[in-house]
Amino acid sequence: MQTNRSNTGALVGGTLLIAFGVLSLASEVFRGFNWGFLWPFIVIGVGVLFFAAMFAGGRQASGFAIPGSIITGTGLVLLLQNITKHWESMSYFWTLIILFVGIGIYIIGLYGNDPGQKKSGAGVMKVGLILFIIFGSFFEMIFSSFGNLIFPILLILLGAYLVVSRSGPLGRHKEDTASDSLPPV
């Protein structure tokens, strides 16, 4: 008798073979179509297969969420770059991998009903987003005219968030305001 894990592997492998076969057949039948535009959908599809494997395998297969989110997210970024022809953004793309790992960890916590895992995933997502804004701003301001307005605004918003989140009323630290509310000893 086969285990659930080998059934999941056969499901993912078989689906990949079918997808590649359909794409090969379609490229032969529709030779005039611009297939160069659609290649990111292959990457997205492979990522979605990891999520299918996660749901097919049950809670013990929830780890498939991490590679699923990385591959799907990468495919979405490649699709956006393919549409906008802004390939320079690959210089700071690596920061989004951190964000995608955080999304995967969050999904594992969501799927397993684990609040600690969801909190960890949210923390990793926050780090990835902050790094994306910082490195994106740097590379876009230096090497491209695409981010002349977008990334400086994101830097300002990130700085404001950090200032506001670390300060209480009237600029005092949260630790100071918490100790003010304690009764005297």
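Please read these numbers as outputs of a predicted model, since none were measured by experiment. For the numbers below, each heavy atom of this structure counts, side chains included, while hydrogens, waters and symmetry mates do not.
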Would you give me the side-chain donor-acceptor pairs under 3.5 Å for residues 120-128, sequence neighbours excluded?
{"from": "S120", "atom 1": "OG", "to": "G116", "atom 2": "O", "distance (Å)": "3.1"}
{"from": "K126", "atom 1": "NZ", "to": "Y161", "atom 2": "OH", "distance (Å)": "3.0"}

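With contacts defined as side-chain heavy-atom distances shorter than 4.5 Å, the pair I71/F100 does not qualify. By the 4.5 Å heavy-atom criterion applied to side chains, L99 and L96 are counted as neighbours.
A distance of 12.0 Å separates CG of L49 from CD1 of I44, quoted to the nearest 0.5 Å. Taken from CZ in F135 to OG in S91, the straight-line distance is 10.5 Å, to the nearest 0.5 Å. Note that CE of M54 is 8.5 Å distant from CD1 of I108, once rounded to the nearest 0.5 Å. The CD1 atom of I133 sits 5.0 Å away from atom CG of L158, with the distance rounded to the nearest 0.5 Å. The line from OG of S62 to CD1 of I105 is 11.5 Å long, rounded to the nearest 0.5 Å. Here the straight-line distance linking atom CD1 of I134 with atom OG1 of T95 works out to 9.5 Å at 0.5 Å rounding.
Qualifying ring pair (Phe, Tyr, Trp, His ring centres under 6.0 Å) partners for F55, counting only residues two or more places apart in sequence or in other chains: Y111.
Less than 6.0 angstrom separates the ring centroid of Y92 from the ring centroid of F132.
Side-chain heavy-atom separations under 4.5 angstrom define the hydrophobic clusters, and the remaining members of the one that includes I18 are V22.
Looking at every heavy atom in both residues, P40 comes nearest to G75 through CB-O, 3.7 Å. Listed here is the closest heavy atom pair of F50 and P67: CD2-CG, 3.8 Å.
When hydrophobic clusters are built by joining Ile, Leu, Val, Met, Phe, Trp and Tyr residues whose side-chain heavy atoms come closer than 4.5 Å, directly or via intermediates, V43 is grouped together with M90.
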